[in-house]
Amino acid sequence: MHPALNILIKAARRASQIINRASLDLEHLQVATKRQSDFVTEVDKAAEVAIIEVLREAYPEYGILAEESGQTAGSTGTSEYQWIIDPLDGTTNFIHGLPQYAVSIALAHRGQITQSVVYDTVRNEMFTASKGAGAFLNERRIRVSKCLRLEDALIGTGFPYRIYDHIDAYLAIFKELARKTAGLRRPGAASLDLAYVACGRFDGFWEFGLSPWDIAGGALLISEAGGLISDLAGNESYLQTGNLVAGTPKIFAQLLQVIDNHRTAGLTA
C-alpha cells in the first residue's frame, strides 16, 4: 500500500470517530446554512480539522483544498501535491439521521488524482484506490459491473439543489432515463454514488454542478475499477466543470448519448 494511502485511511478513520459520536446526539447538533439547501455543522468543521491535522503531520509541505476551510498552501507554498477533502459528504442526510454519508479524501499530483479514500462511516466500508494499482473495498478488489445495456442498468444521480439554471435539461434527461433504464436512484452523497459505480452497485451515474471535493475521491475509484468517467463532452475536465458522467464502459457511452440529446447551449461540458 502506498504510504500516502495509509495516511488517507488514518485521516478518514479519525474523522469517522467525530462523525459517529455526533450521530448519536443529532438533537443538539448546531446547523448553519451556507446558501440555499447547503448546510454545514460543527461536525463537518471538526472532522475537517481532524483530517487536516493527520495530513499536515505526515506531509506538511502539501497543499489543501477542503470544503469548509478552502484552499491553503503547504509549508513550502510550492508543492505539486494537494489534498482534496470533503469531511462529511451528505451533510443534509446526516442532520436528518439518514445513514448515507461519507468521508472523502484524495491526493492530487499536478492536478491528477493519484490516491483516494471514500469511507462510509455507518457501514464501515472503506473504499480505496491508488493510481495504477486498482480499487478496493475493505481490502477486497472491486470492479465495475458487467452491465451492457441501458435497459438493464441501475443509474445513480443527484438532483440540483443549489443552482437551478439547468433544471429543464436535467428533468428531460431524467425523464428519458426513467423510461430507458431499470431504475434511477438519488441517495444524496456523490462520493458514495461514485464508489457504488466502482463496486458494481450502480451501473452508471450523472450529475451537474458538483464541487471538486465531491468528485475527487470517487473518480479514481471508478477508473481503477475498470469504469469510465468524464465531463459531459467525454473529456477529463469534470473536476473543473463539476458536471460528470460515469459508468461501465458500455453504459457510460449510452448515458453520454442521452445527455447529449438534451444539452443546451448554456450547459457546459
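This structure is a prediction, so every number in the text was calculated from the model and none was measured.
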inquiry  = Check whether N6 reaches the backbone of P3 with its side chain - one donor and one acceptor, N or O, closer than 3.5 Å.
reply    = no
Is a donor on one side and an acceptor on the other found under 3.5 Å between the side chain of N243 and the backbone of G209?
yes
- Salt bridge check: are E80 and R110 linked by an N-O gap of less than 4.0 Å? yes
Output for pair (I142 CD1, Y196 OH), nearest 0.5 Å, gives 11.5 Å
Output for pair (M126 CE, L137 CG), nearest 0.5 Å, gives 10.5 Å
Report yes or no: does T128 contribute a side-chain atom to a donor-acceptor pair with the main-chain N or O of V117 at less than 3.5 Å?
no
How are the rings of Y62 and W83 set relative to one another: parallel (under 30°), tilted (30 to 60°) or perpendicular (over 60°)? tilted
Residues F252, I229; criterion side chain to side chain contact (heavy atoms under 4.5 Å, CB included); working and verdict:
CA-CA 8 Å; F252 169 83; I229 183 168; 5.6 Å; no
Is a side-chain donor or acceptor of Q254 paired with a backbone partner of K250 at a separation under 3.5 angstrom? yes
Nearest heavy-atom approach of I215 to L194 is O-CD1, 3.8 Å
Residue pair V103 / D86, side-chain heavy-atom distance below 4.5 Å: no
Looking only at heavy atoms, the pair that brings L239 and G111 closest together is CD1-O, 4.4 Å
Q) So, the side chain of S116 versus the backbone of I113: is there a donor-acceptor pair under 3.5 Å, distance only? A) no
Quiz item: Side chains of I173 and F208: closer than 4.5 Å at any heavy-atom pair?
Solution: yes
**OP:** Could you check R14 against E57 for salt bridge (charged side-chain N to carboxylate O under 4.0 Å, His left out), going step by step and ending with a plain yes or no?
**Re:** CA-CA 13 Å; R14 184 76 58 84; E57 182 180 356; 5.8 Å; no
Steps toward side chain to side chain donor-acceptor pair (under 3.5 Å) verdict (S130, Q115): CA-CA 5 Å; S130 293; Q115 310 290 331; 2.5 Å; yes
### Task
Please examine the side chains of Q82 and I64, heavy atoms only from C-beta on, and report whether any two atoms are closer than 4.5 Å.
no
task: Evaluate the criterion side chain to side chain donor-acceptor pair (under 3.5 Å) for residue pair D203 and S145; output intermediate values, then yes/no.
output: CA-CA 6 Å; D203 304 301; S145 79; 2.5 Å; yes
Review point. Do R13's NZ or CZ and the ring of Y119 fall within the cation-pi criteria of under 6.0 Å and 45°?
Key: yes
Checklist entry - Are E48 and R56 close enough for a salt bridge, meaning some N to O gap below 4.0 Å? => result no
Any side-chain heavy-atom pair of D152 and L148 under 4.5 Å
no
In this structure, CG of N138 is separated from CZ of F127 (nearest 0.5 Å) by 8.0 Å
Open item on the list: Can you see whether N20 engages T121 through a side-chain donor-acceptor pair at a distance of less than 3.5 angstrom?
Closed with: yes
For the residue pair R185 and T157, establish whether any side-chain heavy-atom pair is separated by less than 4.5 Å. no
| Whether E224 side chain and G134 backbone form a donor-acceptor pair below 3.5 Å | yes
Any donor-acceptor pair under 3.5 Å from E207 side chain to A190 backbone:
no
Nearest heavy-atom approach of G90 to A189 is CA-CB, 4.2 Å
### Message
Determine whether a donor-acceptor pair (N or O, by modelled atom type, separation under 3.5 Å) exists between the side chain of R123 and the backbone of P99.
### Response
yes
Margin query: Are E176 and N261 packed together at the side-chain level, in the sense that at least one heavy-atom pair is separated by less than 4.5 angstrom?
Written below: yes
**Within-4.5 Å side-chain heavy-atom neighbours: F159 and F174** = yes
Between L228 and T248, is a side chain to side chain contact (heavy atoms under 4.5 Å, CB included) present by the stated rule, with each step listed?
CA-CA 6 Å; L228 298 175; T248 73; over 6 Å; no
| Ring centroid separation for Y170 and W206, is it under 6.0 angstrom? | yes
Donor-acceptor under 3.5 Å (D89 side chain, S191 main chain):
yes
Problem - S211 side-chain N/O to D214 backbone N/O, donor-acceptor pair under 3.5 Å - result: no
Closest non-hydrogen atoms of L107 and A4, given as atom of the first, atom of the second and distance, are CD2-CB, 3.8 Å
Hits for salt bridge (charged side-chain N to carboxylate O under 4.0 Å, His left out) against E151, two or more places apart or cross-chain, chain-then-number order -> R149
Heavy-atom closest pair (L256 atom, L232 atom, distance to 0.1 Å) is CD2-O, 3.5 Å
Taking the inter-plane angle between the rings of H109 and Y81 on a 0 to 90° scale, is it parallel (under 30°), tilted (30 to 60°) or perpendicular (over 60°)?
-> parallel
Apply side chain to side chain donor-acceptor pair (under 3.5 Å) to the pair D231 and S237, showing each step before the final yes or no.
-> CA-CA 6 Å; D231 61 21; S237 63; 2.5 Å; yes
Review point. Is it true that L98 and L29 fall in one hydrophobic cluster, defined by side-chain heavy atoms closer than 4.5 Å?
Key: no
In terms of heavy-atom contacts, P187 and N93 come closest through O-ND2, 2.9 Å
